[in-house]
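Structure record follows, encoded as structure tokens.
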Amino acid sequence: MAIPDRQESRREQMLRAATTAFAQRGYFGTSTARVAQEAGVSQPYVIQVFGTKEALFLEVLDRAGDIIVRQMESIGLDTFDLSRFTDAFRHTVLEESVMFVLQQGFAASAVPAVGAYVRGLLARMYGVLVDHANATPEEARDYLARGLLINTVLAMGYRDNTDEYPWVQPLIEVVLGGEEG
């Protein structure tokens, strides 16, 4: 019984390392050798467990997508309230690897399986907003657009460079409120 627990622990270790690597370097800039190095395992072991880099990336992307959708669903609104969704988004943003992995998924959408996944994920997110929170199509569009814009701004490192780019601070504050500064 200890062997499966150890295997699962190693698998989780590789997924965490892959999340960090893919968030930082993207699908095309990350090799399974890099993931193996960061996880402290051999590259053939990564392939043995996940099969391909694409399968590994899809699993990492799926985990990030599930976190986002679960968080959206957990708000449990009968009617759409942008402020409650924005509050939840603030907490998701703090887990930057989730957002950066999602963004890397968009960037790698030319890979057919990745593109299919991220299109499906956006459809799920839209469905949560419209079907579960009763957002209008316009409110859902605006929420998704706002989230994608702020993720892009954060991924570009503006948050750490607001002295050089002061125009971005009000943009960050729109979504993150007073938590940034």
Side-chain angles (χ1 to χ4, degrees), residues 3-75 85-128 143-144 146-161 172 175-176 179-180:
I3 293 172
D5 288 342
R6 181 172 163 82
Q7 287 174 340
E8 186 56 36
S9 174
R10 280 266 174 101
R11 188 174 199 288
E12 185 60 34
Q13 176 183 349
M14 288 183 285
L15 284 169
R16 283 192 310 272
T19 298
T20 300
F22 285 129
Q24 292 173 351
R25 295 172 199 86
Y27 177 77
F28 298 109
T30 302
S31 66
T32 54
R34 179 64 176 207
V35 171
Q37 180 184 17
E38 290 191 23
V41 299
S42 71
Q43 190 267 349
Y45 187 62
V46 172
I47 296 300
Q48 177 187 345
V49 172
F50 295 100
T52 64
K53 178 174 90 167
E54 182 178 301
L56 174 58
F57 183 70
L58 286 169
E59 189 159 342
V60 167
L61 188 58
D62 187 50
R63 287 169 63 134
D66 283 348
I67 289 168
I68 294 165
V69 170
R70 278 194 317 269
Q71 190 165 31
M72 290 174 71
E73 290 171 340
S74 73
I75 296 169
F85 271 92
T86 300
D87 287 342
F89 183 85
R90 284 185 187 118
H91 299 293
T92 303
V93 167
L94 298 178
E95 180 62 49
E96 286 184 344
S97 63
V98 169
M99 292 305 175
F100 292 164
V101 163
L102 179 61
Q103 195 160 32
Q104 297 293 356
F106 295 144
S109 64
V111 176
V114 175
Y117 178 82
V118 293
R119 286 188 297 276
L121 177 60
L122 277 179
R124 284 173 59 201
M125 293 167 69
Y126 182 86
V128 168
Y143 176 80
L144 291 173
R146 183 184 213 181
L148 293 171
L149 174 62
I150 197 65
N151 290 340
T152 301
V153 167
L154 294 173
M156 293 172 69
Y158 279 117
R159 181 174 40 188
D160 298 327
N161 296 287
I172 292 171
V175 173
L176 300 179
E179 294 183 22
E180 290 296 306

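Just so it is clear, the structure is predicted and the values come from calculations on it, not from any experiment.
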**OP:** Determine yes or no for a side-chain-to-main-chain donor-acceptor pair under 3.5 angstrom, with S9 supplying the side chain and D5 the backbone.
**Re:** no
Original post:
If you look at every heavy atom in A17 and V35, which pair is closest and at what distance?
Top reply: CB-O, 3.9 Å
Original post:
At what distance, to the nearest 0.5 angstrom, does CZ of R25 lie from CZ of F100?
Top reply: 13.5 Å
Original post:
Just how far is it from atom CG of L56 to atom CG of L15, taken to the nearest 0.5 Å?
Top reply: 6.5 Å
Original post:
Can a salt bridge be assigned to the pair R63 and E59 using a cut-off of 4.0 Å between side-chain N and carboxylate O?
Top reply: no
Original post:
Any idea how Y27 and F22 line up, ring-wise: parallel (<30°), tilted (30 to 60°), or perpendicular (>60°)?
Top reply: parallel
**OP:** For the pair V98 and T19, evaluate side-chain contact (heavy atoms from CB on, under 4.5 Å) and give the outcome as yes or no after the intermediate values.
**Re:** CA-CA 8 Å; V98 169; T19 298; over 6 Å; no
Original post:
What closest approach, in Å, do A113 and E54 show between heavy atoms, and which atom pair accounts for it?
Top reply: CB-OE2, 3.4 Å
Original post:
Roughly how far, to the nearest 0.5 Å, is the OG1 atom of T152 from the CE atom of M99?
Top reply: 11.0 Å
Original post:
Which heavy atom in G105 sits nearest to a heavy atom in V114, and how many Å separate them?
Top reply: O-CG1, 3.4 Å
**OP:** Scan for side chain to side chain donor-acceptor pair (under 3.5 Å) pairs involving residues 108-123, sequence neighbours excluded, and state none if there are none.
**Re:** D62-Y117
Subject >> Polar side-chain atom of T30 near backbone of A21 as donor-acceptor pair, under 3.5 Å >> reply: yes
Original post:
How long is the span from the CZ atom in F50 to the CZ atom in F57, to the nearest 0.5 Å?
Top reply: 13.5 Å
**OP:** Decide yes or no for L122 and Y126: does some side-chain heavy atom of the first lie under 4.5 Å from some side-chain heavy atom of the second?
**Re:** no
**OP:** Specify the closest pair of heavy atoms between L61 and V101, including all atoms of both residues, with the distance to one decimal.
**Re:** CD1-O, 3.6 Å
Original post:
Salt-bridged, R124 to E73, with N to O below 4.0 Å?
Top reply: no
Subject >> Pair L102-L121, side-chain contact (heavy atoms from CB on, under 4.5 Å): steps then yes or no >> reply: CA-CA 10 Å; L102 179 61; L121 177 60; 3.2 Å; yes
Subject >> Nearest atoms (heavy-atom pairs only) where A18 meets V60 >> reply: CB-CG2, 3.7 Å
Subject >> From Q24 atom CD to Q104 atom CD, the distance as rounded to the nearest 0.5 Å >> reply: 10.0 Å
Original post:
Could you walk me through whether Q7 and R10 pass the side-chain contact (heavy atoms from CB on, under 4.5 Å) check?
Top reply: CA-CA 5 Å; Q7 287 174 340; R10 280 266 174 101; 5.7 Å; no
Original post:
Is there side-chain contact between K53 and V46, with heavy atoms separated by less than 4.5 Å?
Top reply: no
Original post:
Do Q13 side-chain atoms and A39 backbone N/O form a donor-acceptor pair below 3.5 Å?
Top reply: yes
